[in-house]
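First the structure, in the form of structure tokens, and then the observations on it.
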Amino acid sequence: MNTLIDFILHIDNHIINLVTYFGNWTYIILFAVIFVETGVVIMPFLPGDSLLFAASAISANPQYHLNTWIFIVVFLLASFLGDTLNFYLGDKIGYKITKQKWVAKVIKPEQLDKAKSFFDKYGILAIFIARFMPIIRTLAPFIAATSGYKYNKFIKYNLSACIVWVLLCCGAGHFFGNIPFVQEHFSVVVIGIILITLIPGIVAFIKEKKQK
């Protein structure tokens with residue numbers, strides 16, 4: 001867990017190390033991270049928004065020879081294909097996977113309950129909204145499938161959400177990532193990104209508590 005926290009807080013340095021050692025293979029490695037984060041229901045803790053921001057910020061610096069547009073395509077494919085895999089797992093396996101002890105250690109029943117309540121409240125629109133919320137983002141396709149949504153209905157909202165998410169995060173990273181203040185306080189900016197993405201969930205939690 002400490003390694004994961006260090007990777008997230010210093011994600012810019014880790015991506016630079018990847019570029020130094022693996023060059024263009026960095027695109028494939030980061031594709032895999034986003035694909036797993038969105039596609040494997042037991043991996044909701046992997047970086048998402050911050051990774052897109054950091055990768056695009058680094059690609060804006062010509063010394064690393066990376067291309068932001070390639071990252072946009074790579075991340076769009078990774079998120080779209082990952083959500084499709086996640087939906088398939090929910091459709092074919094469903095909640096049976098949560099009965100496994102090793103799965104229960106990663107995905108808590110209350111997390112699934114929150115995701116289910118989120119879907120009950122917002123319906124099909126939840127597929128779009130969830131793309132911008134950590135943890136819920138990973139659980140959303142799984143919950144959609146187990147809730148009886150058809151894939152062709154899911155895919156319309158999911159594709160539009162993936163496009164907006166990738167363009168927003170990569171665009172922000174490309175245009176703001178190389179501002180001197182951002183470079184000097186990158187860890188603080190990453191924490192800020194994480195906190196901003198948590199706001200909808202915190203607001204929903206407070207409202208639920210008040211209603212109770």
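Every value quoted in this text rests on a predicted model; they were computed, and no experiment measured them. Count residues from 1 along the sequence.
The line from OG1 of T84 to CG of D91 is 12.0 Å long, rounded to the nearest 0.5 Å. Atoms CD1 and CG, from I127 and L159 in turn, are 12.0 Å apart once rounded to the nearest 0.5 Å. Taken to the nearest 0.5 Å, the OG1 atom of T138 stands 11.5 Å off from the CD1 atom of I143. Within the model, atoms CG of N86 and CG of L81 stand 12.5 Å from one another, a figure rounded to the nearest 0.5 Å. Atom SG of residue C162 and atom CZ of residue F128 lie 10.0 Å apart, to the nearest 0.5 angstrom. In this structure, CD1 on I16 lies 12.5 Å from OH on Y21, to the nearest 0.5 angstrom.
The minimum heavy-atom distance between F75 and C170, with the atom names listed, is CD1-SG, 3.7 Å. Residue A161 comes nearest to F132 through the heavy atom pair O-CZ, 4.1 Å, listed as atom of the first residue, atom of the second, then distance. The heavy-atom pair separating N67 from Y27 by the smallest distance is N-OH, 2.8 Å.
No side-chain heavy atom of I72 sits less than 4.5 Å from a side-chain heavy atom of H174. Residues L52 and V166 form a side-chain contact, since some pair of their non-hydrogen atoms from C-beta on lies under 4.5 Å apart. Under the 4.5 Å side-chain criterion, counting only non-hydrogen atoms from C-beta, W165 is in contact with D49. Inter-residue side-chain proximity for I155 and F87 is flagged as unmet; no heavy-atom pair is nearer than 4.5 Å. Side-chain contact check for I28 versus F22: every heavy-atom pair is 4.5 Å or farther apart. Two residues are said to be in side-chain contact when any heavy atoms from C-beta on lie closer than 4.5 Å; V33 and L51 meet this criterion. At least one side-chain heavy atom of L30 sits under 4.5 Å from a side-chain heavy atom of L18.
The aromatic rings of F35 and F31 lie parallel to each other, with less than 30° between the two planes, well short of the 60° mark. In this pair, F154 and Y151 present their aromatic rings tilted. The plane angle is within the 30 to 60° band.
Legend: salt bridge (Lys or Arg N to Asp or Glu O under 4.0 Å) pairs involving residues 79-90, not counting sequence neighbours, sorted by first then second residue: D83-R131.
T68 and S56 share no donor-acceptor pair across their side chains, judged by distance under 3.5 Å alone.
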